[in-house]
Amino acid sequence: MATVNWRLRFAALSLIWGFSFLLIKVGTEGFAPFQVTLGRLVFGTAVLAAAMAAKRERLPRGARTWGHLTVAAFLLNALPFSLFAYSELTIPSTLAGICNATSPLWGMALSLVALSEDRPTRLRVAGLGLGFLGVLTVLGAWQGFHGLDATGTAMALLASLGYPIGWIYVRRTLAGSGHSHLSLTGAQLLLATLQLALVTPLFTSVPTEFPLLPLLSIVALGALGTGLAVLLQYGLVAEVGPTTAQMVTYFIPVIATAAGVALLGESLTWSTPVGAVIVLAGAALTQARPRGRVGESAGAVLRTPPRSEAGPGAQAEPRAEVRS
């Protein structure tokens with residue numbers, strides 16, 4: 001994979017994650033949200049397991065590590081994946097994709113409270129305010145949120161909030177564990193799969209039919225949007241660094257919106273793209289660092305370890321997030 005130019009891999013990762021919201025929407029047309037999430041985790045875990053086998057990686061050891069990974073799996077995979085699936089029963093995939101872009105804003109707000117070493121600057125606080133102004137624009141606050149499904153939107157925003165909460169938890173508990181990022185991520189996905197395997201039968205019945213298009217969407221969502229995407233990010237962070245790799249966050253809502261409108265026929269009012277631009281501008285400002293300071297914002301959207309994602313050989317505390 002490293003033989004392919006990093007720009008092409010960056011574009012592929014943007015497309016994969018951008019189309020994930022469309023795939024969720026199509027998947028929920030044939031299966032219950034928990035079933036969509038379980039299927040996505042099963043196929044995503046299978047891809048990570050194959051990668052670990054190819055690299056002869058082993059799962060991490062130690063009860064403490066597995067305990068923390070269980071919490072991380074819930075906060076970073078099981079919970080947000082399920083919330084996004086449920087949200088798209090009642091809101092367009094375009095709105096879900098834009099809600100996903102608020103993760104850096106939530107992360108910035110949380111880091112001010114939870115991470116004492118992450119000091120705010122005027123620019124970053126301004127970005128936080130600007131970003132949430134963008135959210136209100138997307139939601140049409142001046143119209144009293146008319147025509148908006150409040151429950152579905154709240155679920156999508158809560159899903160986006162789960163990522164930075166999980167990131168902070170992992171940073172506080174698994175930093176310096178000594179395990180490889182691929183090993184931690186593989187274990188995390190496995191645990192999330194087990195969590196959904198326990199929950200899904202309690203709230204859904206066994207499908208009586210397996211419609212082809214929703215089924216293929218779930219396979220693609222898991223194998224590409226959860227499994228392959230993590231591997232692409234590993235390589236990108238190792239080659240160009242986490243800051244550049246993190247820029248994929250700003251392409252996701254653009255692609256999600258274009259896919260939803262072009263392929264699903266979802267409607268689009270002027271406030272949606274305008275608000276999305278404001279959200280992304282605010283998110284970008286929250287990631288601004290004082291000149292000369294090395295590192296990345298604690299509010300950055302975490303996906304797989306070091307400093308935002310994961311890269312073989314990257315030097316940083318382990319993180320193990322896998323996103324939509």
Side-chain angles (χ1 to χ4, degrees), residues 17 20 34 37-38 40-49 51-52 57-85 100 103-104 106-107 110-111 113-115 118 158-200 222 225-227 229-231 233-234 237 242 246 249 296-312 314 316-324:
W17 265 331
S20 291
F34 274 138
T37 304
L38 176 58
R40 136 181 226 179
L41 286 168
V42 166
F43 289 107
T45 302
V47 171
L48 266 291
M52 290 178 64
E57 290 269 3
R58 294 184 177 181
L59 291 172
R61 296 180 180 179
R64 175 183 175 277
T65 297
W66 280 91
H68 290 315
L69 283 173
T70 299
V71 178
F74 175 76
L75 292 174
L76 296 172
N77 303 116
L79 179 62
F81 288 3
S82 298
L83 285 173
F84 271 124
N100 179 74
S103 282
W106 295 119
L110 290 170
S111 69
V113 177
L115 298 173
D118 197 51
L158 284 173
S160 303
L161 173 61
Y163 293 126
I165 292 176
W167 180 86
I168 291 173
Y169 178 84
V170 171
R171 179 171 175 173
R172 286 184 172 275
T173 59
L174 288 172
S177 68
H179 300 290
S180 76
H181 305 311
L182 180 58
S183 174
L184 287 172
T185 306
Q188 180 184 307
L189 278 182
L190 175 61
L191 288 166
T193 302
L194 294 176
Q195 290 170 1
L196 261 296
L198 292 174
V199 170
T200 300
T226 305
V230 171
L231 300 179
Q233 250 191 341
Y234 271 131
V237 174
Q246 179 188 307
T249 301
E296 185 173 333
S297 166
V301 181
L302 164 68
R303 296 194 175 83
T304 336
R307 296 257 190 249
S308 176
E309 332 298 344
E317 65 266 29
R319 304 175 186 173
E321 173 184 338
V322 182
R323 274 275 306 275
S324 285

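This chain uses plain numbering: 1 for the first residue, then up along the sequence.
- Between Leu161 and Leu110 there is a side-chain heavy-atom pair separated by less than 4.5 Å.
- Partners of Ala187 under the side chain to side chain contact (heavy atoms under 4.5 Å, CB included) rule, at least two apart in sequence or in another chain, are Leu59, Pro60, Trp66, Leu69.
- Closest approach of Phe74 and Pro80 over heavy atoms only: O-CD, 3.7 Å.
- Distance alone, capped at 3.5 Å, places no donor-acceptor pair between the Trp167 side chain and the Gly107 backbone.
- Ser103 and Pro164 make their closest contact through O-CG, 3.8 Å (heavy atoms, listed as atom of the first residue, atom of the second, distance).
- Of the candidates Val199, Leu196, Leu38, Thr200, Ser82 forms a side chain to side chain contact (heavy atoms under 4.5 Å, CB included) with just one, namely Leu196.
- The OG1 atom of Thr226 sits 9.0 Å away from atom CG of Leu48, with the distance rounded to the nearest 0.5 Å.
- Evaluation of the ring pair (Phe, Tyr, Trp, His ring centres under 6.0 Å) rule for Phe34 yields Tyr86, Phe203 as partners, not counting sequence neighbours.
- Shown here are the side chain to side chain contact (heavy atoms under 4.5 Å, CB included) partners of Leu75, two or more places apart in sequence or in another chain: Val71, Ile165, Tyr169.
- Contact of the Ser160 side chain with the Phe84 side chain is registered, since non-hydrogen atoms from C-beta on lie closer than 4.5 Å.
- Rounded to the nearest 0.5 angstrom, Leu191 CG and Asn77 CG are separated by 9.5 Å.
- Proximity of a side-chain donor or acceptor of Gln195 to a complementary backbone N or O of Thr70 within less than 3.5 Å is detected.
- The side chain to side chain contact (heavy atoms under 4.5 Å, CB included) search around Thr45 returns Leu189, Leu190, Thr193, not counting sequence neighbours.
- At distances below 3.5 Å, at least one donor-acceptor pair connects side-chain atoms of Ser183 with backbone N or O atoms of Arg58.
- Evaluation of the side-chain hydrogen bond (donor to acceptor under 3.5 Å, both in side chains) rule for Glu57 yields Ser180 as partners, not counting sequence neighbours.
- Leu76 places a side-chain heavy atom less than 4.5 Å from the side chain of Val170.
- Residues Leu182 and Met52 are in side-chain contact: their nearest non-hydrogen atoms beyond the backbone lie under 4.5 Å apart.
- The two residues Ala192 and Ala78 make their nearest non-hydrogen contact at CB-N, 4.2 Å.
- Taking Leu198 as the reference, nothing meets the side chain to side chain contact (heavy atoms under 4.5 Å, CB included) condition, with sequence neighbours excluded.
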Practice problem: Take Thr65 and Leu184, measure what side-chain contact (heavy atoms from CB on, under 4.5 Å) needs, and give me the verdict at the end. | Solution: CA-CA 9 Å; Thr65 297; Leu184 287 172; 4.2 Å; yes
